[in-house]
Amino acid sequence: MKGYEARTWFLAIAVFGAFLLATAVAAPATVVGTASLPVPAVILSNNTGSLTNFTLVVTQGTGNVMIVGPSIVGSSTLQSAQAAAQYAAKYLNLKFGNYNFTYNITGGTENVSGPSGGAAMTILAISALSGKQLLDNFTMTGTISQNGTIGPIGGVYDKSSAAKAGGLSFIMVPKFDNQSVYDELYLLVQSTFNIPLIQVANISQAYKFAFTKANITANATTYPFYTKINLYNLQPAPIACSNSCNESLFNQVAQGTFSLVNASINNMSLNPNFVGEASQLHAALAQSEAVAGKGYIYGGANLAFLNYADSYMFNSYVFNESDGYAALSGISDSCGMLQPQQLTTTNYEYVIGGQLRQAWGTYTVASDLSQYNSSVETTDDVLLFMRSAANSNGWCYAASQMFNASGTTGGTDVLPNGNLSDIAAARLGRATEYGSSMYLNTAKLAYKAHNYPLAIIDADYAYAIPNATETGASLGTGALINASAALAQNSTFGVWATQFANEAELYIYESRASSNATTALAYAQSAYSAALLASQMSMDMKLISQNLSPGVGTISISNVTVSQNQTTNPTGSQSNSQLTRSINSLSSSLQNLYAIVVIMLAIIVSLTIVVLYLLTKIQFYTSSLHRQSKGTAGKPQQRPRR
């Protein structure tokens, strides 16, 4: 083979080798595994749920994590993807740095933000890395932490709506510890859409439901609407009032509460999805009425009041953002219009009791209204505000009942004298040591309005409840029962003190009757809280009664206001959006730069080979011309023909 032919073959082989090199560099890495899962999201512009599809491709790599698909990806979502991939590798005892993770998000929305997809991303990574197939009938929502804990999220109502519409069989949601209001919210959602909500605290718990056909029904959310009271052998209320208490009037007010609760439960039972829950609440109401029938009137009414909040929230399941605001505004207007009766020597406890609940109702609803517009993002938020609204509405209803009752007692018209100012100031000072609360704030408003009787009783709540909580946490069951019994026996001045003392006796009985140590302690703590409040109210109602002087006029709290919380700064939101776009742009640029470098390397190698080939050809032709020139040297040149 001639030299130039050998060089030609060499160059051809080099060109082909360069092509193979460029192809090898640009080719994707080996795929380890893939996994897909529908993941729910909330479209905040209209509070609706939407299903997005998350697909993960895991390849051999160096620990890179990317999200592709949406035009905008929030930084918290990117952080969640990173945490998910890292924990999944750790969960499977694999080295994170040996893999690359690419999450592709499609459908539902072009803008993905928030960390609530973290748990789903983790389950996807476990599936793709292990090759274990996910079930195809579920979705999940929740954040992910570095230790695999699944954290709280919002929008469960809207997300569950999307999951049901998408034909899925169940949805995994974060478990809330010691926050029963979220258990109730989950149950409401589960019943509304007839889709089981499985609460999981961590990835280990979620793994069982994601990969194996576990018993979904047995693990669906439950919520106990009430605890059964041990009415067997319960004796009639033992504490008797030491002065004229008009207990029949108090019972009349309690019956009004029972009627309110019953009407709300009946309305709730009209929804076929809530028949089971309504049945539980009716049973709870029957128990409350039985407790009141034994003479524990306040104890029974208070138990019923708690269930009113349950039924009110379930009745609000169809509320959107504007409906919720309208409900709060209506409560605020109606509660603010209530007017107390003239104080008399026989009705002052009912007037003060009504003003107390009116103050709590107006303060709570004013606080809710001040936060509502800036806090509501999902239907979950609306429903939780409605549970608070139930308390406000219930308090204001009780206030109206007490004001009406106080107008039927007769007696001599009285007004509080100046001596109560110093007592109120002392009670406020004592309560302030236990920190801010609704009771303390409304007591301060009452003091500012010169309604000293109301300020005193409200400050008693602000002192007794946190004090009892601290003491109850440090004493055992037996010590709490003994302390409660001693306080209750001496708390007999006035209808309120006597009712709280009897409530303490009820819980003492339940504590002694319980065979479960934890339940017994909880009842003993409740007994002490009621007994301490009874003791304070017995003392202070007596002081109030001694400082009422003949006079005509009413004192109330007016202009209850709560500071308006600042709303989110739109500029901040814009800056966050710009940051998100910058992150996405940088990620996209890095990918493009990688591709450009690979192509440029291939072009440079190819051009180098072509140049070498051309140089070789030029050298060959130059050599040929040189040989021809040497062959004709010395010969005479021919003239041109004419």
Side-chain angles (χ1 to χ4, degrees), residues 224-259 261-262 281-307 349-350 353 464-465 468 471-472 475-539 541-542:
F225 284 99
Y226 72 108
T227 301
K228 288 186 178 180
I229 298 292
N230 187 356
L231 295 174
Y232 181 72
N233 284 336
L234 177 64
Q235 299 300 306
I239 307 297
C241 189
S242 63
N243 66 324
S244 178
C245 294
N246 202 341
E247 200 168 85
S248 62
L249 192 62
F250 196 91
N251 188 61
Q252 176 184 323
V253 173
Q255 291 302 320
T257 298
F258 295 143
S259 297
V261 178
N262 186 59
L281 288 172
H282 273 305
L285 178 59
Q287 175 178 268
S288 299
E289 291 174 324
V291 169
K294 289 277 190 175
Y296 305 91
I297 304 172
Y298 176 81
N302 188 51
L303 291 172
F305 183 86
L306 298 176
N307 292 133
E349 283 202 85
Y350 291 94
I465 292 176
T471 304
L475 296 180
T477 301
L480 286 169
I481 287 176
N482 292 336
S484 301
L487 287 170
Q489 289 296 325
N490 296 310
S491 304
T492 62
F493 189 94
V495 65
W496 287 104
T498 305
Q499 286 299 322
F500 282 126
N502 279 317
E503 184 184 34
E505 290 288 345
L506 170 67
Y507 291 135
I508 288 173
Y509 170 79
E510 292 299 326
S511 179
R512 287 171 172 165
S514 177
S515 59
N516 182 283
T518 302
T519 304
L521 176 60
Y523 275 127
Q525 290 172 334
S526 296
Y528 185 74
S529 180
L532 183 58
L533 185 56
S535 176
Q536 295 303 308
M537 294 190 73
S538 180
M539 180 191 309
M541 278 297 184
K542 188 173 185 178

Which residues pass the side chain to side chain contact (heavy atoms under 4.5 Å, CB included) test with [X], not counting sequence neighbours?
X    : value
A284 : Y226, N307
N490 : none
S491 : A501, A534, S535, S538
S259 : none

Which value, rounded to the nearest 0.5 Å, describes the distance between [X] atom [atom1] and [Y] atom [atom2]?
X    : Y    : atom1 : atom2 : result
L480 : I508 : CG    : CD1   : 10.0 Å
T257 : E289 : OG1   : CD    : 11.0 Å
E349 : C241 : CD    : SG    : 7.0 Å
L306 : L281 : CG    : CG    : 11.5 Å
L532 : L487 : CG    : CG    : 6.0 Å

Parallel, tilted or perpendicular: ring planes of Y350 versus F250, cut at 30 and 60 degrees: tilted
Minimum heavy-atom separation for [X] to [Y], with atom names?
X    : Y    : value
L285 : A304 : CD1-CB, 4.0 Å
E510 : I229 : OE2-CG2, 2.9 Å
T498 : I239 : CG2-O, 3.5 Å
K542 : F493 : CA-CE2, 3.3 Å
T477 : A520 : CG2-O, 3.9 Å

4.5 Å side-chain heavy-atom contact, H282 and N262: yes
List for me each residue that meets side-chain hydrogen bond (donor to acceptor under 3.5 Å, both in side chains) alongside [X], sequence neighbours excluded, and say none if there are none.
X    : answer
E505 : Q489
Q536 : R430
S248 : N246
N516 : T519

Side-chain (N251) to main-chain (E247) donor-acceptor, under 3.5 angstrom: no
Flag, side chain of S484 to backbone of A504, donor-acceptor distance under 3.5 Å: no
Residues, nucleotides or ligands: over 12 heavy atoms within 6.0 Å of Q255 CD: yes
Pairs touching residues 521-533 that satisfy side chain to side chain donor-acceptor pair (under 3.5 Å), sequence neighbours left out: none
Name the atoms and distances for all side-chain donor-acceptor pairs under 3.5 Å in residues 292-301, with sequence neighbours left out.
from: K294; atom 1: NZ; to: L234; atom 2: O; distance (Å): 3.0
from: Y296; atom 1: OH; to: Q235; atom 2: O; distance (Å): 2.7

